[in-house]
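Here the structure comes first, spelled out in structure tokens, and everything after it is commentary.
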Number of protein chains: 2
Amino acid sequence: MSRRNTDATAQVVNVHACPVREVLDRVAGKWSVQILVAASHGPIRFTELERGIEGISRRMLTLTLRNLERDGLVTRTVYPTVPPRVEYGLTPVALELHETLLRLTDWAERNRGYIAQARAAYDAEHQPELLDA
Amino acid sequence: MSRRNTDATAQVVNVHACPVREVLDRVAGKWSVQILVAASHGPIRFTELERGIEGISRRMLTLTLRNLERDGLVTRTVYPTVPPRVEYGLTPVALELHETLLRLTDWAERNRGYIAQARAAYDAEHQPELLDA
DNA sequence: CGGCATCCCGAAGGATACTG
DNA sequence: CAGTATCCTTCGGGATGCCG
């Protein structure tokens with residue numbers, strides 16, 4: 001799988017459509033945000049991330065970290081010791097992003113109940129006939 | 001924060017309670033945000049959304065609208081005329097969400113160049129052999 | 001310890017066609 | 001106009017194994 005695609009047709013599609021989507025694509029991954037949150041308190045090691053983020057696989061942790069690093073959001077520092085030691089930290093830009101994510105957190109917490117209620121009401125209204133067979 | 005130890009990871013253990021992921025799951029769909037943005041200026045019709053959001057399929061427009069409606073973010077108003085007329089609008093809660101999304105937009109616009117540059121640098125550093133051929 | 005390579009599955013979403 | 005229904009492809013991501 002080559003990320004670098006020289007094929008012109010691949011770029012024909014409107015890649016840079018909406019800036020909102022642009023940022024969401026960057027954070028939409030299942031684990032990106034949790035990694036950003038975990039690293040927002042200071043440098044953190046690979047294994048610490050792995051243990052701290054419940055349910056993440058080693059593969060996805062690596063992949064997500066690589067993507068974040070590629071986007072200039074995460075720094076990777078290798079200490080050539082034995083055993084090896086690698087620490088991940090957030091760049092200033094990522095810290096800014098983390099700030100705005102806190103706004104979203106706030107919204108989610110304030111309206112979590114409202115949404116759950118809306119869902120229940122919608123489901124009750126639109127799925128009553130599932131009981132028949 | 002000179003004290004970096006298990007304290008950092010201990011705060012991340014509660015993953016499923018993470019409200020950030022909760023809101024992101026709700027908005028992570030490919031079209032959700034664009035619909036919210038399009039409807040943020042006032043009630044908008046189905047076809048207007050379809051034409052306004054480039055690339056969206058009729059199917060996904062319907063599905064995404066249903067999910068947003070289910071979560072209490074979008075209102076659906078049917079006018080029993082001929083031909084039928086359906087208007088979609090945002091609830092107050094969704095308008096709040098839209099506000100916070102604007103912060104993300106702002107971040108994306110301010111740092112879009114930085115990220116593009118970081119990507120280019122990363123790719124140049126990690127795949128140099130593709131340049132020569 | 002901190003990865004990368006491989007296989008595989010389910011869900012998201014595109015294409016197309018039909019309808020009240 | 002505003003949807004539904006069906007089929008099909010893509011791909012994110014889980015499981016597992018090996019390696020410096």
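Every chain is numbered from 1, with letters handed out A, B, ... down the list of sequences.
With rounding to whole Å, B/Leu65 atom CG is found 7 Å from D/dG3 atom P. Here D/dG12 presents its P atom at 18 Å from CZ of A/Arg66, a figure rounded to the nearest Å. Remark: P of D/dA2 and CE of B/Met60 are 19 Å apart, rounded to the nearest angstrom. Atom CD in B/Glu87 sits about 13 Å away from atom C1' in D/dC1, given to the nearest Å. Atom CZ of B/Arg45 is separated from atom C1' of D/dC1 by 7 Å (rounded to the nearest Å). Straight-line distance from the CG atom of B/Leu63 to the P atom of D/dA2: 17 Å, rounded to whole Å. For the pair A/Ile56 CD1 and D/dG13 C1', the interatomic distance rounds to 10 Å; values are reported in whole Å.
Remark: B/Arg103 pairs with no residue by the salt bridge (charged side-chain N to carboxylate O under 4.0 Å, His left out) rule, at least two apart or across chains. Every ring-ring contact (aromatic ring centres under 6.0 Å, His included) that A/Tyr122 has, sequence neighbours left out, goes to A/His126. The salt bridge (charged side-chain N to carboxylate O under 4.0 Å, His left out) search around A/Arg119 returns B/Asp71, not counting sequence neighbours. With sequence neighbours left out, A/Glu109 forms a salt bridge (charged side-chain N to carboxylate O under 4.0 Å, His left out) with no residue at all. For B/Trp31, there are no side-chain hydrogen bond (donor to acceptor under 3.5 Å, both in side chains) partners, not counting sequence neighbours. By the side-chain hydrogen bond (donor to acceptor under 3.5 Å, both in side chains) test, A/Thr105 pairs with no residue at all, sequence neighbours left out. In this view, B/Arg45 satisfies the side-chain hydrogen bond (donor to acceptor under 3.5 Å, both in side chains) rule with no residue, not counting sequence neighbours.
In B/Glu48, the CD atom is crowded: over 12 heavy atoms of neighbouring residues, nucleotides or ligands sit closer than 6.0 Å.
Of the residues in residues 73-81 of chain B, none lies under 4.0 Å from DNA chain C by heavy-atom distance.
The shortest distance between side-chain heavy atoms of A/Leu104 and B/Val27 does not fall below 4.5 Å.
Place B/Thr62 and B/Arg51 on DNA chain D by their nearest nucleotides, and B/Arg51 ends up nearer the 5' end.
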Under 4.0 Å protein heavy-atom contact, by nucleotide of nucleotides 15-20 of chain D - B base, S sugar-phosphate only: B----B
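Among residue pairs with one or both ends in residues 77-94 of chain B, those qualifying as salt bridge (Lys or Arg N to Asp or Glu O under 4.0 Å) are B/Arg85-B/Glu87; sequence neighbours excluded.
Once you apply a 4.0 Å limit to the heavy atoms of chain B, the touched nucleotides of DNA chain C run 5' to 3' over C/dG13 to C/dG20.
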Exercise answer: donor-acceptor pairs, residues 59-66 of chain B side-chain atoms, under 3.5 Å, sequence neighbours excluded:
unit_1, atom_1, unit_2, atom_2, d
B/Thr62, OG1, B/Arg58, O, 3.0
B/Thr64, OG1, B/Met60, O, 2.7
B/Arg66, NH1, B/Tyr88, OH, 3.4

